[in-house]
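One structure below.
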Amino acid sequence: MEILPFQSYSCNKALPCLQDLGIIKPAEKNIIKPGVVYCLRQKGDTGGNEEVNPLQPYFLAYIREDGTVRFNYTNAKQILEIYRLMCQGRKAPYEKLCELFNTETRNGEEMGKYTELLKKAVYEISHVFRKRSNQKLTTDRGALLIPQSKQVHDLDNFELVTWLVIK
């Protein structure tokens, strides 16, 4: 992954085109729906969290427009595959889609929809993080309790690295 400016985004309406070209198989068509792929970085000291999140300090989430978290950070391979399918061969975002996004959000002034999706994605991340952390304690004799300061709780624990809007 190339270094991107924080909070950069891209719009992609490749779904119909990829389906027509046969690049997306029928099974994938049911998985990839309009939504957002978020890439977040946990703030602060995250040492020891790799037991719960191998991508530490990064977290990925794919959330659909209806608020369903389809894949969370435990499904990084699937999220990266979606990212690859949507972006492979593209050197720049679709300008027309970026214009539509800017119109929809009034040039980023009305980001309520995407903020709510981000909050739902972070809630799911924190829920799964706690669940995996607790499972580790009950299944691994050498497991240690992750200090509260290193756990993820809410949006304030993250920096938004980038996001991909899928239409």
Subject >> Between CG on residue L55 and OG1 on residue T74, distance to nearest 0.5 Å >> reply: 10.0 Å
**OP:** State, to 0.1 Å, how close L155 and K119 come at their nearest heavy-atom pair, and which atoms those are.
**Re:** CD2-CG, 4.2 Å
Original post:
Under 4.5 Å between any side-chain heavy atoms of L60 and F71, yes or no?
Top reply: no
Original post:
Once you round to the nearest 0.5 Å, how far does CG of N157 lie from CG of L40?
Top reply: 10.5 Å
Original post:
Between CD of E124 and NZ of K131, what distance do you get to the nearest 0.5 Å?
Top reply: 9.0 Å
Original post:
For the atom pair NZ (K33) and NZ (K167), what is the distance rounded to the nearest 0.5 Å?
Top reply: 15.0 Å
**OP:** Could you tell me whether the side chain of Y83 reaches within less than 4.5 Å of the side chain of T162, counting heavy atoms only?
**Re:** yes
**OP:** Could you give me the CA-CA distance, side-chain angles and deciding distance for E99 and K96, then say whether salt bridge (Lys or Arg N to Asp or Glu O under 4.0 Å) is met?
**Re:** CA-CA 5 Å; E99 289 172 17; K96 185 165 177 93; over 6 Å; no
Subject >> Any donor-acceptor pair under 3.5 Å from K43 side chain to D156 backbone >> reply: yes
**OP:** Search all heavy atoms of V52 against all heavy atoms of R132 and return the closest pair with its distance.
**Re:** O-NE, 3.2 Å
**OP:** Kindly give the heavy-atom pair with the smallest separation between V122 and D154, and that separation in Å.
**Re:** CG1-C, 3.5 Å
Subject >> Given N72, I82, L164, the one that forms side-chain contact (heavy atoms from CB on, under 4.5 Å) with Y62 >> reply: I82
Original post:
Hey, would you say the Y38 and F158 ring centroids sit under 6.0 Å apart?
Top reply: no
Original post:
Is the F59 ring parallel, tilted or perpendicular to the Y73 ring (thresholds 30°, 60°)?
Top reply: perpendicular
Original post:
If two hydrophobic side chains count as joined below 4.5 Å and joins carry through other members, does Y123 share a cluster with V152?
Top reply: no
Original post:
Once you round to the nearest 0.5 Å, how far does OG1 of T103 lie from CD of E110?
Top reply: 11.5 Å
Subject >> Minimum heavy-atom distance L117-I63, with the two atoms named >> reply: O-CD1, 3.4 Å
Subject >> Shortest non-hydrogen contact from A61 toward I125 >> reply: CB-CD1, 4.2 Å
Original post:
To the nearest 0.5 Å, what is the distance between CG (L80) and CG (N75)?
Top reply: 11.0 Å
Subject >> Greater than 12 external heavy atoms within 6.0 Å of R106's CZ >> reply: no
**OP:** Evaluate the side-chain proximity of Q42 to Q56: yes if any heavy-atom separation is below 4.5 Å, no if none is.
**Re:** yes
